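Please read the structure below before turning to the comments.
Sequence lines set the chain letters: A, B, ... in the order given, protein chains first and strands last, and positions in each chain run from 1. Note that the structure is predicted; figures quoted are calculated from it, not measured.
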Number of protein chains: 2
Amino acid sequence: MPPTPNRQPAKPTGLECRMAVLGADVRLTPHRREVFEVLQASTDHPTATDLFTRVKDRSPGISLATVYNCLEHLTGAGLIKQVHLERGQSRYCANLHEHVHFHCETCGKVIDAHPAADFDPAKFWNLPAGTRVSRMELAIHGTCSACAAR
Amino acid sequence: MPPTPNRQPAKPTGLECRMAVLGADVRLTPHRREVFEVLQASTDHPTATDLFTRVKDRSPGISLATVYNCLEHLTGAGLIKQVHLERGQSRYCANLHEHVHFHCETCGKVIDAHPAADFDPAKFWNLPAGTRVSRMELAIHGTCSACAAR
DNA sequence: TTTAGAATTAGAATGATTCTAATTCAGAAA
DNA sequence: TTTCTGAATTAGAATCATTCTAATTCTAAA
């Protein structure tokens, strides 16, 4: 039996490329990179199938399962966010700035809304002492200005 | 052809009972009443199948489809609220006071949290002029005090 | 070149919800 | 009372989004 090799943890080299955000990291494989780039280029808040359609134009062989897989890894690494606005498909968002989502119930459009500079969400709700908050998700539903104008 | 009878719109009489809230109304049929009462008596935020199980103790013949149907009507009438905390099953809530939901990611418990008296949500997000807000849904995720103590 | 593990895939499986078509029921009209 | 109409209810099928599975491919290190 050969001596136990002094195996190092795999390090990124060559084509392999990692991005680290908030301590987590992902290997940015070609598919993951494309899903990420397509999402970053999207101003709407696409669903997994929306992204599947868009990425297929660039990588015809990609499968929906891979898109879901990529989204899961990217979400886990904190590179993108999963958004739950209503029942049905989840939506995804590459805007990492703190923001909330406005959802127009008439046309379905989703708009990012950013909080006022002095907004401190934690102090507005009377959570029991000892509660730890890891994230908040605010969905505002209504009618967007374009629809309201009609 | 007989003369057109002067048909009046159906009015609630006898056992039939309506509740009107915010302009909407529902006939409170026995099943709807039971689903509503069971939800009001629940301190957790039950899912449709949770409610189905609980209501079946009182009305063994009820079907899951009817529970969904009742929940839809009660929600439409504004008597209860549908809550989306995570992917998967919707939860329901009979607390009509303005409040947000805290979701413990460790034990799954959901706690109602009420806003501070001076909280005016509308002014904290820079929504485009002309936007009309009909409702807001805030989910706060984290660890409840009991789980945090462990 | 071999190996080990991760990524990817197609398709099956799952879970929640919604739909469908038939039946039952309540109250109004005859 | 009996009939009628529309709503409520039902079981089961259908749908939809997602997750799982098992096989295959790929990457980078040994």
Report yes if at least one side-chain N or O of [X] is closer than 4.0 Å to OP1 or OP2 of [N]; otherwise report no.
X       : N      : result
B:Ser63 : D:dT9  : no
A:Arg87 : C:dA16 : no
A:Arg32 : C:dT8  : yes
A:His73 : C:dA6  : no

Using atom [atom1] of [X] as one end and atom [atom2] of [N] as the other, report the distance to the nearest whole Å.
X       : N      : atom1 : atom2 : answer
A:Glu72 : D:dA17 : CD    : C1'   : 14 Å
B:Glu86 : D:dT18 : CD    : P     : 14 Å
A:Leu71 : D:dT19 : CG    : P     : 10 Å
A:His84 : D:dT18 : NE2   : P     : 8 Å
B:Gln82 : C:dT17 : CD    : C1'   : 10 Å
A:Arg33 : D:dT27 : CZ    : C1'   : 16 Å
A:Asn69 : D:dT19 : CG    : C1'   : 11 Å
A:Tyr68 : C:dG15 : OH    : C1'   : 13 Å

Salt bridge or not for A:Asp112 and A:Lys81, using N-O below 4.0 Å?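 Here A:Asp112 does not pair with A:Lys81 in a salt bridge, since their nearest N and O are not under 4.0 Å apart.
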Aromatic ring proximity, centroids under 6.0 angstrom, A:His84 and B:His84: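 Here the rings of A:His84 and B:His84 have centres that are no less than 6.0 Å from each other.
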Mind checking B:Thr47 for me? I need base, sugar-phosphate or nothing, with any heavy atom below 4.0 Å counting as a touch.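 Nothing, no heavy atom under 4.0 Å.
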Need one value for A:Ser90: base, sugar-phosphate or nothing, where a base atom within 4.0 Å counts as base even if backbone is also close, heavy atoms only.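 Touches sugar-phosphate only.
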Do the ring planes of A:His101 and A:His45 sit parallel (below 30°), tilted (30 to 60°) or perpendicular (above 60°)?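 Geometry flag for A:His45 against A:His101: perpendicular rings.
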Counting only side-chain heavy atoms from C-beta out, which of C:dC19, C:dA10, D:dT9 sits nearest to B:Cys70?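 Side chain of B:Cys70 sits closest to D:dT9.
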Could you pick out which residue, A:Pro30 or B:Gln89, lies toward the 5' side of DNA chain C when each is mapped onto its nearest nucleotide?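 The residue closer to the strand's 5' end, by nearest nucleotide, is A:Pro30.
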Does B:Glu105 have any salt bridge (Lys or Arg N to Asp or Glu O under 4.0 Å) partners at least two apart in sequence or in another chain, and if so, which?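 Salt bridge (Lys or Arg N to Asp or Glu O under 4.0 Å) list for B:Glu105, sorted by chain: A:Arg135.
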Between A:His73 and A:Arg32, is there a side-chain heavy-atom distance shorter than 4.5 Å?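 Side-chain contact under 4.5 Å: yes.
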